[in-house]
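To find a chain, count down the sequence lines: A is the first, B the second, and so on, and within it residues start at 1.
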Protein chains: 2
Amino acid sequence: MKERQERILGEIVSIYLETGQPVGSRVLAEQGRLGLSPASIRNVMAELERRGYLHSPHTSAGRVPTDSGLRYFVDSLMVVDANMRDTIEQSLTQHLQDEASKRALLRRASDELASLTHFAGLVWVRESNFSRILRLELIPVSSSQVLAVIVAEGNQIQNRLLQRPAHVSDEQLHRISVRLNELLCDCDLAEVQRRLQHEMDSDRLQVRKLLEGLKRWSDAPNESQSDLFVSGQRQLFDMPELAVIETVRSLMAAFEEKEQLLRLVEQVEQDDTGVKVFIGSEHALVNMEQVSVVLSRYEGPENIVGTLGVIGPRRMHYERVLPIVDCTARWVSRMLGGNIDG
Amino acid sequence: MKERQERILGEIVSIYLETGQPVGSRVLAEQGRLGLSPASIRNVMAELERRGYLHSPHTSAGRVPTDSGLRYFVDSLMVVDANMRDTIEQSLTQHLQDEASKRALLRRASDELASLTHFAGLVWVRESNFSRILRLELIPVSSSQVLAVIVAEGNQIQNRLLQRPAHVSDEQLHRISVRLNELLCDCDLAEVQRRLQHEMDSDRLQVRKLLEGLKRWSDAPNESQSDLFVSGQRQLFDMPELAVIETVRSLMAAFEEKEQLLRLVEQVEQDDTGVKVFIGSEHALVNMEQVSVVLSRYEGPENIVGTLGVIGPRRMHYERVLPIVDCTARWVSRMLGGNIDG
DNA sequence: ATTGGCACTTGCGGCGCTAGAGTGCCAGGT
DNA sequence: ACCTGGCACTCTAGCGCCGCAAGTGCCAAT
């Protein structure tokens, strides 16, 4: 694209991001940074429209950047604010210092995304079953129940109540626990299943019920930990172009049903090329042509991976939001590396 | 109030609940169940308006029940559908059968409230620390960490990673675990604190760090379990009178900030007189004069208490919603009594 | 006490108009 | 060859107006 066209597209986009209104040749000329008359600008605008970067809502309105227009801006024209990163790091350091658990950390990360961008923050963590068992412990709870605790790789901790086999003393239970621990330690999921099955067949331990419970656990992903944190939805509705009941409904539906978001989020998990932007209709979310999604993959130790980012209006300051999402993702990755329970 | 006035108020309310529109004397007369002419009805309506049960938006609109009008309806006129309860029980039995954890159960209850009423379901559980310890176990995780698991009364289970004291073998850790278990078993929170302090002072076990971690745990309420479940918000925006951006914002704010809701919810926790209804401005939520809240307290075994209910439009079918909330609360109470982990 | 009739009030939808904004194109200047 | 002022054209948003429909309050008659 000609340099002249780029300059004009850039100006149009940045004014549009500010105001959200169509921008006309007049204001563009008066704003002065181009040194061109309205008429000249009009010619270029017409060309840009022919190429699909601009769009007129109607004859007597100005031009609005299309999704492609914004895309071009984000890909080629945008300059990220350099000292943005420091500000972000600072804020993150301040607010995300020492969180007790992984869940708490992620929730706070989501809050932080929301408060930095003033849009909706989003943190997703891949639903993961225990992968490789580091430790298994059975703890007697009552005469009818026993608590199974599993510590898996990446310090994931999961627990579940199982039915206690009749006529098994605490003493015996402890022995079974030790035995199972030896049996299942360092096994991955498939191996755990196999060995449990084998154990059940021979049933030397006479605790078929218990083993069944364990097996069922390893079958189903642990659904008790919801895995999508969303913060600051309400801020979206402060943007006039999103404060439309139709859009509101769609947004709420997306947040509540989650499947649509998950599809998007999983796309990002595939390739790990930093921050990914979906502008307007680029994500396939229906009725949400006015929103953009900015996501990045993050990665904790062993088996913890996920995606985080923000959902905001199509006209967001990408040059601010992109580094925010990027930094937060890195930060979260770093924090997850530390000492954190699951 | 005169029987005639009651009948008319009742008719107005039930038409209003259906349509959401002001109801005029004409339709009321034509509807036929009163056997009176529009003129007569008008007289009574004027009287009802003077008493504050009705309100005209303007001269040429019909009458709309005020909050007091609806209140009177709910308190004195309403007849709850008798076989409603069966339907509800049935649906609950079907969907809430065996949930693995307390959290899962409560979340499902919230979903169920939402799907039965088509409004937003709400379940709150009182944030509670462990009360009386039934069992404490220390599990070695790595060379630097140890997992503490506490089983408390009511089968509440909580776990936390603590720093592992240096130079303590798995063997020793197990002994410490047994010792601590003996020491702290059956103690309430205050007693736990006291004994831990005492133990730290003498420090016979040489594991000050570990004890400190435990103590800090018992100080702070366990914040990692968020305690308010909300489902089906989006359904609210299908009601035309709530699909107003102003109201949407307020609703979202209430759901996100939670303090306002908690204040309401705690009011209900105080007295346990079954279902409680807040109509329109009766709850002090700003900008939400168009919504009503129906809540009931529920109660699990030992120390688990909470409030659940729905948030819906002011014009909801109270005669349907009240039994739904009531039954769900009883049901949840019953289920919590069963075998469920925390 | 009830009711039909009538005058009065009020919001709402449709219509036409104007002002303002912005464009496209052309002809003339550099 | 490119830029620019000018002009005719188009479209929308806002305003005022009007008439319709709905509903009321009151009164006189039953």
Nearest whole angstrom, please: distance from the [atom2] of [N] to the [atom1] of [X].
{"X": "L54(A)", "N": "dG22(C)", "atom1": "CG", "atom2": "P", "value": "15 Å"}
{"X": "L28(B)", "N": "dT24(D)", "atom1": "CG", "atom2": "P", "value": "9 Å"}
{"X": "L34(B)", "N": "dA1(C)", "atom1": "CG", "atom2": "C1'", "value": "16 Å"}
{"X": "I8(B)", "N": "dT2(C)", "atom1": "CD1", "atom2": "C1'", "value": "12 Å"}
{"X": "N43(A)", "N": "dG22(C)", "atom1": "CG", "atom2": "C1'", "value": "14 Å"}
{"X": "H55(B)", "N": "dT10(C)", "atom1": "NE2", "atom2": "P", "value": "14 Å"}
{"X": "E30(A)", "N": "dT4(D)", "atom1": "CD", "atom2": "C1'", "value": "15 Å"}
{"X": "E47(B)", "N": "dT2(C)", "atom1": "CD", "atom2": "P", "value": "14 Å"}

- prompt: Which one, dT10(C), dT3(C), dG24(C), comes nearest to the side chain of H58(B)?
  reply: dT10(C)
message: Which nucleotide wins on minimum distance to the side chain of S40(B), given the candidates dT4(D), dT2(C), dT10(C)?
response: dT2(C)
- request: Show your reasoning for whether ring pair (Phe, Tyr, Trp, His ring centres under 6.0 Å) applies to Y72(B) and Y53(B).
  value: CA-CA 8 Å; Y72(B) 192 95; Y53(B) 295 117; 5.5 Å; yes
- prompt: Rounded to the nearest 0.5 Å, how far does CG of L54(B) lie from CE of M45(B)?
  reply: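 Here the interatomic distance stands at 6.0 Å.
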statement: When rounded to the nearest 0.5 Å, the distance separating OG of S281(B) from NE2 of H283(B) is 7.5 Å
Contact list (N/O, under 3.5 angstrom) for nucleotides 20-23 of chain D vs protein:
unit_1  : atom_1 : unit_2 : atom_2 : d
dG23(D) : O4'    : S60(B) : O      : 3.1
dG23(D) : O3'    : A61(B) : O      : 3.4

field: Derivation of the side-chain contact (heavy atoms from CB on, under 4.5 Å) call for Q5(A) and L48(A)
entry: CA-CA 7 Å; Q5(A) 295 173 332; L48(A) 285 171; 4.1 Å; yes
field: Partners meeting salt bridge (charged side-chain N to carboxylate O under 4.0 Å, His left out) with D86(A) (sequence neighbours left out)
entry: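 D86(A): no salt bridge (charged side-chain N to carboxylate O under 4.0 Å, His left out) contacts found.
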- prompt: Who are the salt bridge (charged side-chain N to carboxylate O under 4.0 Å, His left out) partners of D67(A), not counting sequence neighbours?
  reply: R314(A)
